[in-house]
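Numbers restart at 1 for each chain; the letters A, B, ... are given by sequence-line order, proteins then strands. Please read all numbers here as calculations on a predicted model, not as lab measurements. Note: hydrogens, waters and symmetry copies are ignored here, and every other heavy atom, side chains too, is used.
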Protein chains: 2
Amino acid sequence: MTRSRNTEQKIFDAATELFLEKGVDRTSVREIATKAGINLALMNYYFRSKENLFNAIFSSLVKKNSEELIRILDSDLSLEEKIRQYVEVYIDMLSENPLLVSFVMAILHRSRERITEMKAISNLYATEKFTQQVLEEGKKGNINRTDPSQLFVDMLSLIAFPFAIKMLVIDKNNFSNKDFADFILERKKRIPDMLIEMLRKKS
Amino acid sequence: MTRSRNTEQKIFDAATELFLEKGVDRTSVREIATKAGINLALMNYYFRSKENLFNAIFSSLVKKNSEELIRILDSDLSLEEKIRQYVEVYIDMLSENPLLVSFVMAILHRSRERITEMKAISNLYATEKFTQQVLEEGKKGNINRTDPSQLFVDMLSLIAFPFAIKMLVIDKNNFSNKDFADFILERKKRIPDMLIEMLRKKS
DNA sequence: GTCGTTTTTAAACGCAGTTTAAAACAAAAA
DNA sequence: TTTTTGTTTTAAACTGCGTTTAAAAACGAC
(Lines give C-alpha, C1' and ligand atoms only; values in the text may rest on other atoms or scores of the structure.)
Protein backbone atom coordinates (compact mmCIF):
# COMPACT_ATOMS: atom_id res chain seq x y z
CA MET A 1 0.00 0.00 0.00
CA THR A 2 1.52 3.24 -1.16
CA ARG A 3 1.42 6.23 1.05
CA SER A 4 -1.74 8.08 0.14
CA ARG A 5 -1.10 11.00 -2.14
CA ASN A 6 -2.74 14.20 -1.18
CA THR A 7 -6.25 14.84 -2.31
CA GLU A 8 -5.41 17.41 -4.94
CA GLN A 9 -3.05 15.00 -6.64
CA LYS A 10 -5.57 12.20 -6.51
CA ILE A 11 -8.14 14.39 -8.27
CA PHE A 12 -5.59 15.53 -10.84
CA ASP A 13 -4.50 11.99 -11.63
CA ALA A 14 -7.98 10.51 -11.82
CA ALA A 15 -9.22 13.35 -13.99
CA THR A 16 -6.24 13.12 -16.32
CA GLU A 17 -6.82 9.45 -16.84
CA LEU A 18 -10.54 9.88 -17.46
CA PHE A 19 -10.17 12.94 -19.68
CA LEU A 20 -7.67 11.15 -21.87
CA GLU A 21 -9.69 8.00 -21.94
CA LYS A 22 -13.13 9.35 -22.76
CA GLY A 23 -12.85 13.05 -23.37
CA VAL A 24 -13.55 16.00 -21.14
CA ASP A 25 -17.21 16.39 -21.94
CA ARG A 26 -18.04 12.75 -21.41
CA THR A 27 -16.36 12.70 -18.02
CA SER A 28 -18.52 13.86 -15.11
CA VAL A 29 -17.25 15.34 -11.91
CA ARG A 30 -19.00 12.60 -9.99
CA GLU A 31 -17.06 10.06 -11.97
CA ILE A 32 -13.79 11.78 -11.19
CA ALA A 33 -14.69 11.85 -7.52
CA THR A 34 -15.51 8.15 -7.48
CA LYS A 35 -12.32 7.19 -9.27
CA ALA A 36 -10.23 9.37 -7.01
CA GLY A 37 -12.07 8.06 -3.97
CA ILE A 38 -12.96 11.48 -2.69
CA ASN A 39 -16.03 13.54 -1.98
CA LEU A 40 -17.79 15.23 -4.88
CA ALA A 41 -17.29 18.75 -3.59
CA LEU A 42 -13.55 18.45 -3.24
CA MET A 43 -13.04 18.98 -6.94
CA ASN A 44 -14.48 22.46 -6.56
CA TYR A 45 -12.55 22.99 -3.36
CA TYR A 46 -9.13 22.37 -4.88
CA PHE A 47 -9.78 23.47 -8.45
CA ARG A 48 -12.45 26.12 -8.64
CA SER A 49 -14.30 24.44 -11.48
CA LYS A 50 -14.11 21.53 -13.86
CA GLU A 51 -12.99 23.94 -16.56
CA ASN A 52 -10.17 25.05 -14.34
CA LEU A 53 -9.16 21.50 -13.59
CA PHE A 54 -9.06 20.84 -17.30
CA ASN A 55 -6.85 23.86 -17.86
CA ALA A 56 -4.47 22.73 -15.15
CA ILE A 57 -4.16 19.29 -16.68
CA PHE A 58 -3.82 20.64 -20.18
CA SER A 59 -1.15 23.12 -19.18
CA SER A 60 0.90 20.46 -17.50
CA LEU A 61 0.57 18.16 -20.49
CA VAL A 62 1.56 20.87 -22.95
CA LYS A 63 4.41 22.07 -20.81
CA LYS A 64 5.83 18.60 -20.58
CA ASN A 65 5.70 18.19 -24.35
CA SER A 66 6.44 21.63 -25.68
CA GLU A 67 9.80 22.23 -24.10
CA GLU A 68 11.64 20.24 -26.71
CA LEU A 69 9.79 22.01 -29.51
CA ILE A 70 10.74 25.41 -28.21
CA ARG A 71 14.31 24.31 -27.73
CA ILE A 72 14.46 23.42 -31.39
CA LEU A 73 13.00 26.72 -32.55
CA ASP A 74 15.39 28.64 -30.35
CA SER A 75 18.45 26.64 -31.34
CA ASP A 76 21.19 27.73 -33.72
CA LEU A 77 20.38 25.14 -36.35
CA SER A 78 20.03 26.17 -39.96
CA LEU A 79 16.49 26.94 -41.01
CA GLU A 80 16.27 23.78 -43.04
CA GLU A 81 17.51 21.56 -40.27
CA LYS A 82 15.32 23.38 -37.80
CA ILE A 83 12.22 22.71 -39.86
CA ARG A 84 13.12 19.06 -40.29
CA GLN A 85 13.64 18.51 -36.59
CA TYR A 86 10.61 20.50 -35.56
CA VAL A 87 8.30 18.57 -37.86
CA GLU A 88 9.72 15.25 -36.78
CA VAL A 89 9.52 15.93 -33.07
CA TYR A 90 6.08 17.49 -33.29
CA ILE A 91 4.69 14.57 -35.26
CA ASP A 92 6.25 12.09 -32.85
CA MET A 93 4.71 13.97 -29.97
CA LEU A 94 1.23 13.94 -31.48
CA SER A 95 1.58 10.31 -32.54
CA GLU A 96 2.55 9.14 -29.10
CA ASN A 97 0.01 11.39 -27.46
CA PRO A 98 -3.00 11.33 -29.74
CA LEU A 99 -5.20 12.78 -27.08
CA LEU A 100 -3.17 15.92 -26.94
CA VAL A 101 -4.84 16.61 -30.25
CA SER A 102 -8.25 16.12 -28.72
CA PHE A 103 -7.28 18.46 -25.96
CA VAL A 104 -6.16 21.16 -28.35
CA MET A 105 -9.29 20.71 -30.42
CA ALA A 106 -11.40 20.92 -27.30
CA ILE A 107 -9.72 24.16 -26.35
CA LEU A 108 -9.93 25.73 -29.77
CA HIS A 109 -13.57 24.80 -29.90
CA ARG A 110 -14.39 25.59 -26.32
CA SER A 111 -13.04 29.06 -25.84
CA ARG A 112 -12.26 30.71 -29.10
CA GLU A 113 -12.36 34.15 -27.60
CA ARG A 114 -10.58 33.42 -24.40
CA ILE A 115 -7.75 31.57 -26.05
CA THR A 116 -5.13 34.02 -24.94
CA GLU A 117 -5.95 33.14 -21.35
CA MET A 118 -4.67 29.66 -22.07
CA LYS A 119 -1.05 30.54 -21.82
CA ALA A 120 -0.02 26.95 -22.32
CA ILE A 121 -1.23 26.83 -25.87
CA SER A 122 1.10 29.64 -26.77
CA ASN A 123 3.95 27.26 -26.21
CA LEU A 124 2.86 25.44 -29.30
CA TYR A 125 3.41 28.48 -31.47
CA ALA A 126 6.38 30.13 -33.13
CA THR A 127 9.13 31.83 -31.17
CA GLU A 128 10.71 35.20 -31.81
CA LYS A 129 13.98 33.57 -32.75
CA PHE A 130 12.36 31.55 -35.50
CA THR A 131 10.68 34.65 -36.90
CA GLN A 132 13.92 36.58 -36.96
CA GLN A 133 15.78 33.77 -38.60
CA VAL A 134 13.28 33.57 -41.45
CA LEU A 135 13.48 37.32 -42.00
CA GLU A 136 17.27 37.39 -41.92
CA GLU A 137 17.80 34.44 -44.23
CA GLY A 138 15.41 36.10 -46.63
CA LYS A 139 17.29 39.38 -46.44
CA LYS A 140 20.59 37.62 -46.98
CA GLY A 141 19.17 35.95 -50.06
CA ASN A 142 19.64 32.44 -48.77
CA ILE A 143 15.96 31.72 -49.12
CA ASN A 144 12.98 33.34 -50.76
CA ARG A 145 11.61 36.16 -48.70
CA THR A 146 8.49 34.99 -47.00
CA ASP A 147 6.21 36.06 -44.19
CA PRO A 148 7.38 34.09 -41.15
CA SER A 149 3.85 33.98 -39.82
CA GLN A 150 2.63 32.38 -43.00
CA LEU A 151 5.46 29.90 -42.99
CA PHE A 152 4.83 28.88 -39.44
CA VAL A 153 1.10 28.53 -40.00
CA ASP A 154 1.86 26.39 -43.04
CA MET A 155 4.05 24.14 -40.98
CA LEU A 156 1.67 23.91 -38.07
CA SER A 157 -1.27 23.17 -40.34
CA LEU A 158 0.53 20.43 -42.20
CA ILE A 159 1.65 18.84 -38.96
CA ALA A 160 -1.45 19.07 -36.80
CA PHE A 161 -4.53 19.06 -38.98
CA PRO A 162 -4.17 15.49 -40.26
CA PHE A 163 -4.46 14.30 -36.67
CA ALA A 164 -7.62 16.28 -36.23
CA ILE A 165 -9.23 14.64 -39.23
CA LYS A 166 -7.77 11.23 -38.48
CA MET A 167 -11.09 9.42 -38.56
CA LEU A 168 -12.07 11.04 -41.82
CA VAL A 169 -8.78 9.99 -43.43
CA ILE A 170 -9.12 6.46 -42.10
CA ASP A 171 -12.64 6.17 -43.36
CA LYS A 172 -12.05 7.65 -46.78
CA ASN A 173 -8.99 5.50 -47.49
CA ASN A 174 -10.14 2.35 -45.71
CA PHE A 175 -7.09 2.63 -43.50
CA SER A 176 -6.22 0.47 -40.54
CA ASN A 177 -4.65 2.22 -37.58
CA LYS A 178 -1.30 0.93 -38.82
CA ASP A 179 -2.00 2.40 -42.24
CA PHE A 180 -2.71 5.74 -40.67
CA ALA A 181 0.47 5.58 -38.64
CA ASP A 182 2.41 4.93 -41.86
CA PHE A 183 0.56 7.75 -43.56
CA ILE A 184 1.64 10.10 -40.81
CA LEU A 185 5.15 8.72 -40.80
CA GLU A 186 5.55 9.63 -44.44
CA ARG A 187 4.66 13.20 -43.62
CA LYS A 188 7.82 13.55 -41.53
CA LYS A 189 9.71 13.71 -44.79
CA ARG A 190 7.02 15.15 -47.00
CA ILE A 191 6.28 18.27 -44.96
CA PRO A 192 9.87 19.53 -44.59
CA ASP A 193 10.55 18.75 -48.23
CA MET A 194 7.58 20.81 -49.30
CA LEU A 195 8.40 23.75 -47.05
CA ILE A 196 12.06 23.79 -47.99
CA GLU A 197 11.30 23.51 -51.68
CA MET A 198 9.11 26.58 -51.30
CA LEU A 199 11.91 28.48 -49.59
CA ARG A 200 14.59 27.45 -52.05
CA LYS A 201 15.62 30.19 -54.42
CA LYS A 202 14.98 29.41 -58.03
CA SER A 203 17.66 30.48 -60.46
CA MET B 1 -47.93 12.03 -41.72
CA THR B 2 -48.50 15.67 -42.61
CA ARG B 3 -46.52 17.45 -39.99
CA SER B 4 -46.87 21.14 -39.48
CA ARG B 5 -43.76 22.04 -41.39
CA ASN B 6 -44.19 25.45 -39.88
CA THR B 7 -43.13 24.54 -36.36
CA GLU B 8 -40.28 22.33 -37.49
CA GLN B 9 -38.99 25.10 -39.69
CA LYS B 10 -39.29 27.67 -36.92
CA ILE B 11 -37.17 25.48 -34.65
CA PHE B 12 -34.64 24.87 -37.39
CA ASP B 13 -34.30 28.56 -38.19
CA ALA B 14 -34.10 29.75 -34.62
CA ALA B 15 -31.57 27.08 -33.73
CA THR B 16 -29.45 27.84 -36.78
CA GLU B 17 -29.29 31.49 -35.87
CA LEU B 18 -28.44 30.81 -32.25
CA PHE B 19 -25.91 28.08 -33.01
CA LEU B 20 -24.09 30.33 -35.43
CA GLU B 21 -24.27 33.29 -33.10
CA LYS B 22 -23.09 31.75 -29.85
CA GLY B 23 -22.09 28.18 -30.53
CA VAL B 24 -23.93 24.94 -30.00
CA ASP B 25 -22.87 24.30 -26.45
CA ARG B 26 -23.76 27.75 -25.24
CA THR B 27 -27.23 27.58 -26.73
CA SER B 28 -29.88 25.90 -24.59
CA VAL B 29 -32.96 24.16 -25.85
CA ARG B 30 -35.09 26.50 -23.76
CA GLU B 31 -33.49 29.42 -25.54
CA ILE B 32 -34.25 27.93 -28.92
CA ALA B 33 -37.85 27.34 -27.88
CA THR B 34 -38.26 30.92 -26.72
CA LYS B 35 -36.75 32.37 -29.88
CA ALA B 36 -38.88 30.12 -32.07
CA GLY B 37 -41.94 30.92 -29.98
CA ILE B 38 -42.76 27.29 -29.35
CA ASN B 39 -43.06 24.93 -26.43
CA LEU B 40 -39.90 23.44 -24.98
CA ALA B 41 -40.83 19.85 -25.73
CA LEU B 42 -41.41 20.43 -29.42
CA MET B 43 -37.71 20.36 -30.14
CA ASN B 44 -37.63 16.75 -29.01
CA TYR B 45 -40.86 16.04 -30.82
CA TYR B 46 -39.60 17.12 -34.24
CA PHE B 47 -35.91 16.39 -33.85
CA ARG B 48 -35.26 13.57 -31.45
CA SER B 49 -32.54 15.39 -29.59
CA LYS B 50 -30.49 18.54 -29.61
CA GLU B 51 -27.60 16.57 -31.07
CA ASN B 52 -29.84 15.45 -33.89
CA LEU B 53 -31.04 18.97 -34.53
CA PHE B 54 -27.43 20.05 -34.74
CA ASN B 55 -26.66 17.33 -37.25
CA ALA B 56 -29.60 18.35 -39.40
CA ILE B 57 -28.49 21.96 -39.44
CA PHE B 58 -24.89 21.06 -40.06
CA SER B 59 -25.75 18.76 -42.93
CA SER B 60 -27.84 21.37 -44.63
CA LEU B 61 -25.13 23.98 -44.19
CA VAL B 62 -22.43 21.72 -45.58
CA LYS B 63 -24.56 20.56 -48.43
CA LYS B 64 -25.30 24.11 -49.48
CA ASN B 65 -21.62 24.99 -49.45
CA SER B 66 -19.90 21.85 -50.65
CA GLU B 67 -21.60 21.46 -54.00
CA GLU B 68 -19.37 23.97 -55.69
CA LEU B 69 -16.26 22.37 -54.21
CA ILE B 70 -17.20 18.96 -55.50
CA ARG B 71 -18.03 20.41 -58.90
CA ILE B 72 -14.51 21.78 -59.11
CA LEU B 73 -12.87 18.50 -58.11
CA ASP B 74 -14.97 16.63 -60.63
CA SER B 75 -14.42 19.09 -63.46
CA ASP B 76 -12.09 18.64 -66.42
CA LEU B 77 -9.74 21.42 -65.41
CA SER B 78 -6.02 20.83 -65.34
CA LEU B 79 -4.67 19.78 -61.97
CA GLU B 80 -3.01 23.12 -61.46
CA GLU B 81 -6.11 25.10 -62.29
CA LYS B 82 -8.21 22.74 -60.23
CA ILE B 83 -6.07 23.28 -57.18
CA ARG B 84 -6.12 27.04 -57.63
CA GLN B 85 -9.88 27.18 -57.92
CA TYR B 86 -10.50 24.74 -55.11
CA VAL B 87 -8.31 26.64 -52.68
CA GLU B 88 -9.86 29.95 -53.64
CA VAL B 89 -13.44 28.80 -53.34
CA TYR B 90 -12.83 26.87 -50.13
CA ILE B 91 -11.15 29.83 -48.50
CA ASP B 92 -13.92 32.16 -49.62
CA MET B 93 -16.46 29.78 -48.22
CA LEU B 94 -14.77 29.58 -44.81
CA SER B 95 -14.16 33.32 -44.78
CA GLU B 96 -17.77 34.18 -45.45
CA ASN B 97 -18.99 31.48 -43.13
CA PRO B 98 -16.56 31.46 -40.24
CA LEU B 99 -18.95 29.46 -38.15
CA LEU B 100 -18.80 26.58 -40.53
CA VAL B 101 -15.34 26.17 -39.09
CA SER B 102 -16.72 26.10 -35.57
CA PHE B 103 -19.22 23.53 -36.68
CA VAL B 104 -16.58 21.31 -38.17
CA MET B 105 -14.43 21.72 -35.09
CA ALA B 106 -17.37 20.86 -32.91
CA ILE B 107 -17.97 17.71 -34.89
CA LEU B 108 -14.36 16.63 -34.99
CA HIS B 109 -14.16 17.17 -31.27
CA ARG B 110 -17.58 15.82 -30.43
CA SER B 111 -17.63 12.47 -32.14
CA ARG B 112 -14.26 11.35 -33.31
CA GLU B 113 -15.30 7.75 -33.58
CA ARG B 114 -18.69 8.26 -35.10
CA ILE B 115 -17.47 10.65 -37.74
CA THR B 116 -18.42 8.38 -40.59
CA GLU B 117 -22.02 8.65 -39.47
CA MET B 118 -21.87 12.30 -40.36
CA LYS B 119 -22.22 11.78 -44.05
CA ALA B 120 -22.25 15.49 -44.69
CA ILE B 121 -18.66 15.93 -43.68
CA SER B 122 -17.57 13.51 -46.36
CA ASN B 123 -18.60 16.11 -48.89
CA LEU B 124 -15.68 18.15 -47.74
CA TYR B 125 -13.19 15.50 -48.77
CA ALA B 126 -11.53 14.44 -52.02
CA THR B 127 -13.41 12.84 -54.86
CA GLU B 128 -12.47 9.78 -56.90
CA LYS B 129 -11.93 11.91 -59.97
CA PHE B 130 -9.34 14.04 -58.25
CA THR B 131 -7.49 10.97 -57.00
CA GLN B 132 -7.38 9.46 -60.48
CA GLN B 133 -6.20 12.67 -62.03
CA VAL B 134 -3.25 12.93 -59.65
CA LEU B 135 -2.26 9.33 -60.36
CA GLU B 136 -2.56 9.71 -64.11
CA GLU B 137 -0.67 12.96 -64.38
CA GLY B 138 2.05 11.36 -62.32
CA LYS B 139 2.14 8.33 -64.60
CA LYS B 140 2.28 10.52 -67.66
CA GLY B 141 5.21 12.37 -66.17
CA ASN B 142 3.50 15.75 -66.14
CA ILE B 143 3.98 16.04 -62.41
CA ASN B 144 5.96 14.31 -59.72
CA ARG B 145 4.34 11.08 -58.64
CA THR B 146 2.70 11.65 -55.31
CA ASP B 147 0.18 9.96 -53.08
CA PRO B 148 -3.15 11.66 -53.87
CA SER B 149 -4.28 11.19 -50.27
CA GLN B 150 -1.24 13.01 -49.01
CA LEU B 151 -1.71 15.78 -51.50
CA PHE B 152 -5.32 16.27 -50.58
CA VAL B 153 -4.59 16.25 -46.88
CA ASP B 154 -1.86 18.82 -47.49
CA MET B 155 -4.30 21.04 -49.30
CA LEU B 156 -7.07 20.62 -46.77
CA SER B 157 -4.74 21.28 -43.87
CA LEU B 158 -3.33 24.44 -45.40
CA ILE B 159 -6.80 25.72 -46.16
CA ALA B 160 -8.73 24.87 -43.03
CA PHE B 161 -6.39 24.79 -40.06
CA PRO B 162 -5.57 28.50 -40.04
CA PHE B 163 -9.25 29.19 -39.45
CA ALA B 164 -9.24 26.80 -36.54
CA ILE B 165 -6.36 28.61 -34.87
CA LYS B 166 -7.62 32.06 -35.84
CA MET B 167 -7.55 33.46 -32.33
CA LEU B 168 -4.07 32.15 -31.73
CA VAL B 169 -2.80 33.78 -34.92
CA ILE B 170 -4.53 37.04 -34.08
CA ASP B 171 -3.10 37.07 -30.61
CA LYS B 172 0.44 36.13 -31.55
CA ASN B 173 0.69 38.69 -34.33
CA ASN B 174 -1.36 41.44 -32.73
CA PHE B 175 -3.72 41.24 -35.67
CA SER B 176 -6.96 43.09 -36.14
CA ASN B 177 -9.77 41.20 -37.79
CA LYS B 178 -8.91 43.00 -41.00
CA ASP B 179 -5.29 41.90 -40.65
CA PHE B 180 -6.41 38.33 -40.28
CA ALA B 181 -8.62 38.61 -43.34
CA ASP B 182 -5.62 39.88 -45.31
CA PHE B 183 -3.50 37.11 -43.91
CA ILE B 184 -6.01 34.56 -45.14
CA LEU B 185 -6.38 36.34 -48.46
CA GLU B 186 -2.69 35.95 -49.11
CA ARG B 187 -3.03 32.23 -48.65
CA LYS B 188 -5.25 32.00 -51.73
CA LYS B 189 -2.10 32.48 -53.77
CA ARG B 190 0.42 31.00 -51.38
CA ILE B 191 -1.18 27.60 -50.94
CA PRO B 192 -1.62 26.72 -54.64
CA ASP B 193 1.87 28.05 -55.37
CA MET B 194 3.32 25.80 -52.73
CA LEU B 195 1.41 22.71 -53.82
CA ILE B 196 2.14 23.23 -57.51
CA GLU B 197 5.80 23.88 -56.87
CA MET B 198 5.92 20.56 -55.07
CA LEU B 199 4.30 18.80 -58.00
CA ARG B 200 6.46 20.47 -60.65
CA LYS B 201 9.05 18.17 -62.10
CA LYS B 202 12.57 19.34 -61.51
CA SER B 203 14.95 18.98 -64.44
C1' DG C 1 -6.96 20.07 25.83
C1' DT C 2 -8.25 24.41 23.42
C1' DC C 3 -8.51 27.42 19.55
C1' DG C 4 -8.24 28.64 14.80
C1' DT C 5 -7.63 26.95 10.39
C1' DT C 6 -7.93 23.69 6.84
C1' DT C 7 -10.17 19.80 4.92
C1' DT C 8 -14.10 16.86 4.24
C1' DT C 9 -18.87 15.83 4.13
C1' DA C 10 -23.99 15.46 3.00
C1' DA C 11 -27.31 17.94 1.10
C1' DA C 12 -29.31 20.99 -1.86
C1' DC C 13 -29.28 24.49 -5.75
C1' DG C 14 -29.99 25.85 -10.49
C1' DC C 15 -29.73 24.60 -15.06
C1' DA C 16 -29.26 21.36 -18.77
C1' DG C 17 -31.61 17.90 -22.10
C1' DT C 18 -35.31 14.82 -22.15
C1' DT C 19 -39.76 12.31 -21.22
C1' DT C 20 -44.54 11.89 -20.07
C1' DA C 21 -49.33 12.07 -20.19
C1' DA C 22 -52.96 14.82 -20.89
C1' DA C 23 -55.04 18.61 -23.59
C1' DA C 24 -55.97 20.96 -27.90
C1' DC C 25 -56.58 20.60 -32.49
C1' DA C 26 -57.75 19.22 -37.42
C1' DA C 27 -59.48 16.25 -40.62
C1' DA C 28 -61.91 12.20 -41.89
C1' DA C 29 -65.86 9.02 -40.76
C1' DA C 30 -70.29 8.26 -39.05
C1' DT D 1 -73.53 17.64 -37.12
C1' DT D 2 -71.40 14.71 -34.16
C1' DT D 3 -67.98 11.28 -33.41
C1' DT D 4 -63.74 9.37 -34.08
C1' DT D 5 -58.94 9.21 -35.09
C1' DG D 6 -54.54 10.76 -35.30
C1' DT D 7 -51.43 14.59 -34.95
C1' DT D 8 -49.62 18.58 -32.53
C1' DT D 9 -48.99 21.23 -28.39
C1' DT D 10 -48.69 21.86 -23.55
C1' DA D 11 -47.30 21.90 -18.50
C1' DA D 12 -44.97 19.35 -15.51
C1' DA D 13 -41.75 16.36 -13.94
C1' DC D 14 -37.44 13.38 -14.43
C1' DT D 15 -32.56 12.60 -14.58
C1' DG D 16 -28.02 14.11 -14.51
C1' DC D 17 -24.84 17.81 -14.66
C1' DG D 18 -21.51 21.38 -12.33
C1' DT D 19 -21.58 23.98 -8.38
C1' DT D 20 -22.55 25.97 -3.65
C1' DT D 21 -23.51 25.81 1.14
C1' DA D 22 -23.05 25.20 5.86
C1' DA D 23 -21.93 22.18 9.19
C1' DA D 24 -18.87 18.53 10.74
C1' DA D 25 -14.40 16.50 11.13
C1' DA D 26 -9.55 16.58 11.18
C1' DC D 27 -5.52 18.91 11.93
C1' DG D 28 -1.69 21.92 13.85
C1' DA D 29 0.11 25.23 16.97
C1' DC D 30 0.02 26.71 21.40
Nearest-Å distance for atom pair CZ/C1', residues B:Arg48 and C:dT18: 13 Å
Distance-only donor-acceptor test (3.5 Å): side chain A:Arg30, base D:dG18: yes
Whole-Å gap separating P (C:dA12) and CG (A:Asn44): 18 Å
Candidates D:dG18, C:dT19, D:dT21 - which lies nearest the side chain of A:Ala41: D:dT21
Residue pair B:Glu197, B:Arg200: steps toward the salt bridge (charged side-chain N to carboxylate O under 4.0 Å, His left out) verdict: CA-CA 5 Å; B:Glu197 180 62 38; B:Arg200 177 161 299 139; 3.6 Å; yes
Distance in angstrom units between A:Leu42 CG and C:dT8 P, rounded: 5 Å
Below 4.0 Å: OP1/OP2 of C:dT7 and any side-chain N or O of A:Thr7: no
Interatomic distance where CZ belongs to A:Arg26 and P belongs to D:dG18 [whole Å]: 13 Å
Distance, rounded to the nearest Å, where A:Asn39 contributes CG and C:dT8 contributes P: 9 Å
Interatomic spacing from CD1 in B:Ile32 to CZ in B:Phe47 - rounded to 0.5 Å: 9.5 Å
Value in whole Å for how far the P atom of D:dC17 lies from CG of A:Leu53: 16 Å
Separation of C:dC15 P from B:Leu40 CG (nearest whole Å): 14 Å
Audit row: B:Leu156, B:Val153, side chain to side chain contact (heavy atoms under 4.5 Å, CB included) steps and yes/no: CA-CA 5 Å; B:Leu156 211 54; B:Val153 166; 5.6 Å; no
Length of the CD1-P vector between A:Ile32 and D:dC17, whole Å: 11 Å
Along DNA chain C (nearest heavy atom to each residue), the more 5'-positioned of B:Ser49 and A:Tyr45: A:Tyr45
Matching residue for B:Glu88 among B:Arg190, B:Lys188, B:Arg187 - test: salt bridge (Lys or Arg N to Asp or Glu O under 4.0 Å): B:Lys188
Sugar-phosphate, base or nothing in reach of A:Tyr46, heavy atoms under 4.0 Å: sugar-phosphate
